[in-house]
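Owing to the predicted nature of the structure, the values given are computational and were not obtained by experimental measurement.
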Amino acid sequence: GLIYKDMREYDKAFEYLNMYTPSLAELPAHRRLLNDVLSKTYPNTLEFEYQQARRGTSPSISANASARYIRRSEWNEYTFELNYLGRDGTAEDAASEMVEGGTGVMVGGQWRHKFSKKFDAYAKIGWANKYFPEWTIKAGVSYQLPRSWTLNLDGSFRRIQTFEGVFELT
């Protein structure tokens, strides 16, 4: 079942994972895995996330929120994403990067195309106004090798607030 999940064949993965009888200790994690795999079989998905954090003893709070719409078809997957970051700006240390409060928004989209059962590629672009990289462009390819190995080649470009390009090959 996990191999089918890695190959993005979620209906077969759900079928095989559903045959497994977990122990009582494994039951909560197994149910989360089944729900995750089952949700990937739906053609339309909405995902929401929210996190709030305080760094150490600092009184400032940082909050992150994300909303995603994912549309899946047999050969393509389209994602629209909206990210929000809010900073309190109440840090007492003048040298702190959190002194300036405010909010930042990042809007992005991704397209993933499955060329065959073994080969797929994706492209992603995003724009932001503050706290995120101003421009983010990513692309990558993935190839399924024998014995559950996967070969990935990804590249990304980020234009950060200093307006210098950063190229990463991961």
| said: Are Leu38 and Tyr10 packed together at the side-chain level, in the sense that at least one heavy-atom pair is separated by less than 4.5 angstrom? | reply: no

| Within-4.5 Å side-chain heavy-atom neighbours: Arg71 and Pro43 | yes

| Partners meeting ring pair (Phe, Tyr, Trp, His ring centres under 6.0 Å) with Phe14 (sequence neighbours left out) | none

| Backbone N/O of Val105 and side chain of Asn129: donor-acceptor pair under 3.5 Å | yes

| Does a side-chain heavy-atom distance below 4.5 Å link Trp127 with Met106? | no

| note | By side-chain hydrogen bond (donor to acceptor under 3.5 Å, both in side chains), Asn76 pairs with (sequence neighbours left out) Trp111, His113

| task | Please identify each residue that fulfils ring pair (Phe, Tyr, Trp, His ring centres under 6.0 Å) with Tyr143, with sequence neighbours left out. | result | none

Report, one line per pair, each donor and acceptor closer than 3.5 Å where one atom sits in a side chain of residues 19-26; sequence neighbours left out.
residue: Tyr20; atom: OH; partner: Glu26; partner atom: OE1; Å: 2.8
residue: Tyr20; atom: OH; partner: Glu26; partner atom: OE2; Å: 3.3
residue: Ser23; atom: OG; partner: Glu26; partner atom: N; Å: 3.4
residue: Ser23; atom: OG; partner: Glu26; partner atom: OE1; Å: 3.4
residue: Glu26; atom: OE1; partner: Ser23; partner atom: N; Å: 3.0

| field | Contact summary for Ser142 and Asn152, nearest pair of heavy atoms | value | OG-OD1, 3.0 Å

| said: Counting only heavy atoms not in Ile3 (residues, nucleotides, ligands), do more than 12 fall under 6.0 Å from its CD1? | reply: no

| Under the side-chain hydrogen bond (donor to acceptor under 3.5 Å, both in side chains) test, which residues partner Tyr42, sequence neighbours left out? | none

| task | State, yes or no, whether a side-chain contact exists between Gln110 and Glu81 at a heavy-atom distance under 4.5 Å. | result | no

| Shortest non-hydrogen contact from Gly102 to Tyr131? | N-OH, 3.6 Å

| said: Among residues at least two apart in sequence or on other chains, which ones pass side chain to side chain contact (heavy atoms under 4.5 Å, CB included) with Ala65? | reply: Tyr50, Tyr84

| Spatial distance of atom CZ (Arg31) from atom CG (Asp36) [nearest 0.5 Å] | 16.0 Å

| message | Going by the rule salt bridge (charged side-chain N to carboxylate O under 4.0 Å, His left out), which residues pair with Asp11 if we only count those two or more places apart in sequence or in a different chain? | response | none

| message | With heavy-atom distances below 4.5 Å as the criterion, would you say the side chains of Thr136 and Lys124 are in contact? | response | no

| Quick one: salt bridge (charged side-chain N to carboxylate O under 4.0 Å, His left out) partners of Glu49, sequence neighbours excluded? | Arg68

| To the nearest 0.5 Å, what is the distance between CD (Glu47) and OG1 (Thr79)? | 8.0 Å

| Are any non-hydrogen side-chain atoms of Ile125 and Trp135 less than 4.5 angstrom apart? | yes

| note | Across all chains, not counting sequence neighbours, the salt bridge (charged side-chain N to carboxylate O under 4.0 Å, His left out) partners of Lys114 are none

| query | Listed by chain and number, what are the salt bridge (charged side-chain N to carboxylate O under 4.0 Å, His left out) partners of Lys138, not counting sequence neighbours? | reply | none

| note | The side-chain hydrogen bond (donor to acceptor under 3.5 Å, both in side chains) partners of Tyr69 (sequence neighbours excluded) come to Asn44

| said: Taking side-chain hydrogen bond (donor to acceptor under 3.5 Å, both in side chains) as the definition, give me every residue that meets it alongside Gln144, ordered by chain and number, with sequence neighbours left out. | reply: Thr150

| request: Taking the side chain as every heavy atom from C-beta outward, state whether Asn83 and Asn64 have any atom pair closer than 4.5 Å. | output: no

| remark: Minimal heavy-atom distance between Leu17 and Gly1, with the atoms involved, is CG-CA, 3.9 Å

| message | A quick test of your reading: do over 12 heavy atoms of other residues, nucleotides or ligands sit less than 6.0 Å from OH of Tyr122? | response | yes

| Shortest non-hydrogen contact from Ser39 toward Arg72 | O-NH1, 3.8 Å

